[in-house]
There are 2 protein chains.
Amino acid sequence: MNILVIGTGAIGSFYGALLAKTGHCVSVVSRSDYETVKAKGIRIRSATLGDYTFRPAAVVRSAAELETKPDCTLLCIKVVEGADRVGLLRDAVAPDTGIVLISNGIDIEPEVAAAFPDNEVISGLAFIGVTRTAPGEIWHQAYGRLMLGNYPGGVSERVKTLAAAFEEAGIDGIATENITTARWQKCVWNAAFNPLSVLSGGLDTLDILSTQEGFVRAIMQEIRAVAAANGHPLPEDIVEKNVASTYKMPPYKTSMLVDFEAGQPMETEVILGNAVRAGRRTRVAIPHLESVYALMKLLELRTSKSLWGNPP
Amino acid sequence: MNILVIGTGAIGSFYGALLAKTGHCVSVVSRSDYETVKAKGIRIRSATLGDYTFRPAAVVRSAAELETKPDCTLLCIKVVEGADRVGLLRDAVAPDTGIVLISNGIDIEPEVAAAFPDNEVISGLAFIGVTRTAPGEIWHQAYGRLMLGNYPGGVSERVKTLAAAFEEAGIDGIATENITTARWQKCVWNAAFNPLSVLSGGLDTLDILSTQEGFVRAIMQEIRAVAAANGHPLPEDIVEKNVASTYKMPPYKTSMLVDFEAGQPMETEVILGNAVRAGRRTRVAIPHLESVYALMKLLELRTSKSLWGNPP
């Protein structure tokens, strides 16, 4: 397939490289890293897959520069305030282009699906430890599983082809009939550990869990209740399993904390805000989520004031 | 009366100076500021009461140095981890010495009352904007009201004498039959704004209230519910009044935020922890308070790790 990856951060670079490895023709839209990627490609160091230099078929600053539209466009950017996803996709899709959204959070698809009502929308969820260490340099530390499914549900031939390509490239490429439920499932962990790592001023997962397990569980249970009320019942033991597996993980610094410390926008709205709104809509009691969300919004307000040179 | 003030921070210096002004014989225990206070006394700049230099009858490092025990000992230190209040009082009281505790929070009296079962314990609650700007230098910006009452209830002759002295010195000195209820009443405001100012990374009261009024109200309502369940029903409109008066105040930086920014221990346990424990004991639903308390404990853990040179 002709594939376009928008975004040469950690996620876009890593998954784009895997598709190129399996023989697909992969081009990239790179904005801030354009010069480096154009000149040298993208160097991937991987703890599990070896090293690889990904040389895209084309490197452009904007999809408008491309002569032909791709069969598939992977949008690999964080869904944060100011990210103009529809604008980025506008020149990147023909009517028969599949749009693949790979990012964290809940309800990340409706905006794109509404803007491109005739396109196939594929929703992707990555379970991976990968970092962009410099322009055009990616460090893949661990994991890599990518779940893919049509939005709001189902598995098309295109989803199967993509999942098979990722599987061939050496990671778990999973086609799932219900990607929306999978998003809620991942949110159970994300909604607890991401904001708590930031609001605590920078604790890792083990410090959080071992000192405030009850609080972590309360947040996870509320996500489970909201998911169920929104048509996505999750396994009864999901909180138990998340707690147990987090105790077994090495102490982990969340992606939201990495963004916060780097002064980057955080995925507060898609991880926490959308879950809170779904809870409000369905009148689920979510006082712990509401508290954490309110505090994240206060912290973001404080951060924005610092950026604008107006501390209290 | 012969009065001993333990602590020459903002509170001890200010209220000690007022008692000296009205003719009482006031000595002080000063630890970190001993040299300055011994040499020069304490200089009070006041926005409402004029300037005044308070020259204590005696300045000592420890109450053990005093030849006679005072009629009244005012303990004016923050109730934070590591504050050995009983140890500080041990040499400062005879059987007939009245012990006056001036500090923030809920349930600050039981430990002292248990250690000195035969002494009169007077509990004091200050409504004041006052700061120690340097050793022996105090800046009184606004307010000054001091509520005094016997613990757990009642008004003794000694309470009346003290309240009258403060009134004579130019502030509101109020003797109250029920100081414990007054503490819960003050806690309505404190439990909301103090931790939120810290967890937000440094917002003032107006930023917090104008963007997260619902969250502030939820915390305040939970304090009211806990107070009621613990035998201290508060006025029905107390939340409304706190919200309205905070909107009218100039934007205010809370004392807990001042402590946090200065790297000082915070009054988390007496303002928030004791309220949470009272709520748990009486099985009141306090999910917002539990959330804020858990986050404050995480932040304190993070801070302690930084202090010990062990960031994650």
Side-chain angles (χ1 to χ4, degrees), chain A residues 191-193 195-219 221-222 250-254 257-258 260-261 263 272 276 280 284-307 310-312, chain B residues 191-193 195-219 221-222 250-254 257-258 260-261 263 272 276 280 284-307 310-312:
Chain A
F193 287 103
L196 268 48
S197 66
V198 172
L199 290 167
S200 68
L203 290 179
D204 63 43
T205 48
L206 190 60
D207 278 334
I208 292 167
L209 185 58
S210 61
T211 62
Q212 295 294 339
E213 185 181 318
F215 183 41
V216 167
R217 283 174 180 267
I219 294 170
Q221 285 295 2
E222 288 181 3
Y252 180 72
K253 186 170 180 172
T254 72
L257 177 57
V258 171
F260 179 66
E261 290 184 348
L272 204 54
V276 163
R280 289 177 187 164
V284 178
I286 47 168
H288 298 88
L289 281 177
E290 290 276 10
S291 297
V292 172
Y293 181 50
L295 284 164
M296 284 299 296
K297 298 314 286 178
L298 288 173
L299 185 66
E300 289 182 339
L301 174 62
R302 179 68 181 83
T303 308
S304 71
K305 287 194 171 230
S306 302
L307 290 174
N310 183 23
Chain B
F193 287 103
L196 268 49
S197 66
V198 172
L199 290 168
S200 69
L203 289 178
D204 64 41
T205 49
L206 191 59
D207 278 333
I208 293 167
L209 185 58
S210 61
T211 62
Q212 295 293 340
E213 184 181 319
F215 183 41
V216 168
R217 283 174 180 267
I219 295 169
Q221 284 297 2
E222 288 181 3
Y252 180 74
K253 185 171 180 172
T254 71
L257 178 57
V258 171
F260 179 65
E261 290 184 348
L272 205 51
V276 163
R280 289 176 187 165
V284 178
I286 48 168
H288 297 88
L289 282 177
E290 289 276 12
S291 298
V292 173
Y293 181 51
L295 285 164
M296 284 298 297
K297 297 315 285 178
L298 288 174
L299 185 66
E300 288 182 340
L301 173 62
R302 180 67 180 84
T303 309
S304 71
K305 287 194 171 231
S306 302
L307 289 175
N310 182 24

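What you see is a predicted model; the values in this text were computed from it and never measured.
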Engineer: Would you mind reporting whether K253(A) and E261(A) have side-chain heavy atoms less than 4.5 Å apart?
Structural biologist: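 A side-chain contact exists here, since the closest heavy-atom pair is under 4.5 Å.
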Engineer: Mind listing the closest non-hydrogen atom pair of P250(A) and T205(A) along with its distance?
Structural biologist: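 Closest approach of P250(A) to T205(A): O-OG1, 4.2 Å.
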Engineer: Using heavy atoms and a sub-4.5 Å threshold, report which of residues 293-300 of chain B line up against chain A, by residue number.
Structural biologist: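 Residues A294(B), L295(B), K297(B), L298(B), L299(B) are the ones that qualify, each having a heavy atom under 4.5 Å from chain A.
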Engineer: Give a yes or no on whether a salt bridge exists between R302(A) and D207(B), defined as a side-chain N under 4.0 angstrom from a carboxylate O.
Structural biologist: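 D207(B) and R302(A): not salt-bridged.
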Engineer: Heavy-atom pairs under 4.5 Å with chain B are the metric here; pick the option from I219(A), L301(A), T211(A) that has the most.
Structural biologist: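 The option with the most such pairs is L301(A).
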Engineer: Evaluate the side-chain contact (heavy atoms from CB on, under 4.5 Å) criterion for residues F215(B) and I208(B): first the C-alpha distance (whole Å), next the side-chain angles of each, then the deciding distance (0.1 Å), finally the verdict.
Structural biologist: CA-CA 9 Å; F215(B) 183 41; I208(B) 293 167; over 6 Å; no
Engineer: Please report the closest heavy-atom contact between L257(A) and S197(A), naming both atoms and the distance.
Structural biologist: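 Shortest heavy-atom separation between L257(A) and S197(A) comes out as CB-OG, 3.6 Å.
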Engineer: If every non-hydrogen atom of V292(B) is compared with every non-hydrogen atom of P195(B), which pair is closest and at what distance?
Structural biologist: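 V292(B) and P195(B) have their closest heavy atoms at CG1-CB, 3.4 Å.
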